[in-house]
Amino acid sequence: MSINTNQIKELRNKTGAGMLDCKKALEENNSNIEEAVVWLRKKGLASASKKAGRDTSEGVIAIHIDGNNATIIELNSETDFVGKNDKFLSLADKVVKSAHKFEGSDLHKFLESGKHDATPISELIAEHISVIGENIILKRISKINVHKGKIIPYLHNKLSDNIGKIGVIVAVEGDINNEIEEFGGQLAMHIAASKPMALNVENLDQSIVEKEKNILRDQALESGKPIDVVEKMIEGRIRKFLEEIVLLEQPFVIDGKTKIKKVVEELKSKNNCNFSVSGYIRYEIGE
């Protein structure tokens with residue numbers, strides 16, 4: 001049966017639902033507007049769309065690890081109260097597990113074609129918006145893996161085994177024993193607290209470094225010092241800057257002075273094994 005544009009517009013005006021949802025509702029109900037309204041309400045799509053403009057600054061971080069692969073998501077709600085609601089936590093768990101099974105980490109593709117069991121993710125979220133009564137948004141998805149090693153998680157302000165307010169996953173590649181795994185757990189907590197911007201200097205966006213150099217240069221030149229002295233001052237200050245924002249350059253929180261890259265080298269020597277910190281992901285609500 002052909003669905004015309006006027007019917008879709010009429011249903012959209014009645015319910016506030018999306019154009020594609022209205023078209024599907026009409027197709028499922030033989031172009032009957034009233035039955036399509038009921039269909040949308042049962043699906044939670046009519047009420048969900050009316051809440052879609054509300055701000056979502058609360059929510060949770062959820063992590064799922066399966067062997068050498070891990071997925072982390074941020075699922076937002078309007079209030080912290082709902083962010084701790086059992087239904088919302090159950091939704092976060094379903095979404096992160098579905099995202100883990102989904103190929104890739106493209107948010108829009110996942111929302112369009114990802115599923116939990118047979119239910120599309122967008123529909124699953126819409127149903128929970130209808131039941132819970134707040135806007136809910138899946139903000140982001142990331143994935144990480146190791147070839148041979150271990151992925152170690154950390155959750156701050158835990159709400160369940162795999163859900164919290166800050167989530168970190170650290171990829172440790174190579175030969176892993178109990179001591180190195182313990183280090184990985186400590187490193188994950190370090191990352192949660194220190195908020196590094198990059199794993200190492202090579203991976204850091206060089207525009208950030210150049211911007212900082214320009215700021216430092218302008219400050220130093222105002223002092224009237226010769227340019228060669230200014231350049232040496234900048235070099236020293238940039239080293240301190242990198243120690244603040246690059247993970248492997250940061251002093252490890254355990255002793256507050258030893259750089260993490262040195263801790264790694266000491267553990268490799270002590271345990272007579274080869275391993276590396278190959279990557280990490282840090283999510284915090286509202287970032």
Are the side chains of [Y] and [X] in contact, using a 4.5 Å heavy-atom criterion?
| X | Y | result |
| --- | --- | --- |
| Asp161 | Leu155 | no |
| Asp80 | Lys165 | yes |
| Ile163 | Ile61 | no |
| Leu247 | Leu187 | yes |
| Ile169 | Tyr280 | no |

Regarding [X] and [Y], does a basic nitrogen lie under 4.0 Å from an acidic carboxylate oxygen?
| X | Y | value |
| --- | --- | --- |
| Asp175 | Lys148 | yes |
| Glu284 | Arg282 | yes |
| Lys270 | Glu179 | yes |

Applying salt bridge (Lys or Arg N to Asp or Glu O under 4.0 Å) to Glu235 and Lys232, what does each step give before you reach the verdict? CA-CA 5 Å; Glu235 186 179 331; Lys232 287 182 180 178; over 6 Å; no
[X] to [Y] - nearest heavy-atom pair and separation:
| X | Y | result |
| --- | --- | --- |
| Ile3 | Lys23 | CG1-O, 4.5 Å |
| Gly59 | Ile285 | C-CD1, 3.4 Å |
| Gly83 | Val60 | O-CG1, 3.3 Å |
| Val146 | Ala171 | CG1-CB, 3.5 Å |

Which residues satisfy the side chain to side chain contact (heavy atoms under 4.5 Å, CB included) test with Lys240, sequence neighbours excluded?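 For Lys240, the residues satisfying side chain to side chain contact (heavy atoms under 4.5 Å, CB included) (neighbours in sequence not counted) are Glu243.
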Regarding [X] and [Y], is there a side-chain donor-to-acceptor distance under 3.5 Å anywhere?
| X | Y | result |
| --- | --- | --- |
| Thr119 | Asp117 | no |
| Asp255 | Thr258 | yes |
| Gln250 | Ser194 | yes |

Do you know which of Lys262, Arg239, Lys259 makes salt bridge (charged side-chain N to carboxylate O under 4.0 Å, His left out) with Glu249?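 One option only clears the test, and that one is Lys259.
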Donor-acceptor contacts under 3.5 Å from residues 105-115 side chains, at least two apart:
from	atom 1	to	atom 2	distance (Å)
Asp106	OD1	His108	N	3.1
Asp106	OD1	Lys109	N	2.8
Ser113	OG	Lys109	O	2.9

Could you give the distance from OG (Ser160) to NZ (Lys158), rounded to the nearest 0.5 Å?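 If we round to the nearest 0.5 Å, Ser160:OG and Lys158:NZ are 7.5 Å apart.
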Any donor and acceptor pair, going by atom type alone, linking the side chain of Arg140 with main-chain N or O of Glu74 inside 3.5 Å?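 Not confirmed, Arg140 side chain does not pair with Glu74 backbone.
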For Phe252 and Phe183: C-alpha separation, side-chain torsions, deciding distance, then whether ring pair (Phe, Tyr, Trp, His ring centres under 6.0 Å) applies. CA-CA 10 Å; Phe252 197 21; Phe183 161 72; 5.5 Å; yes
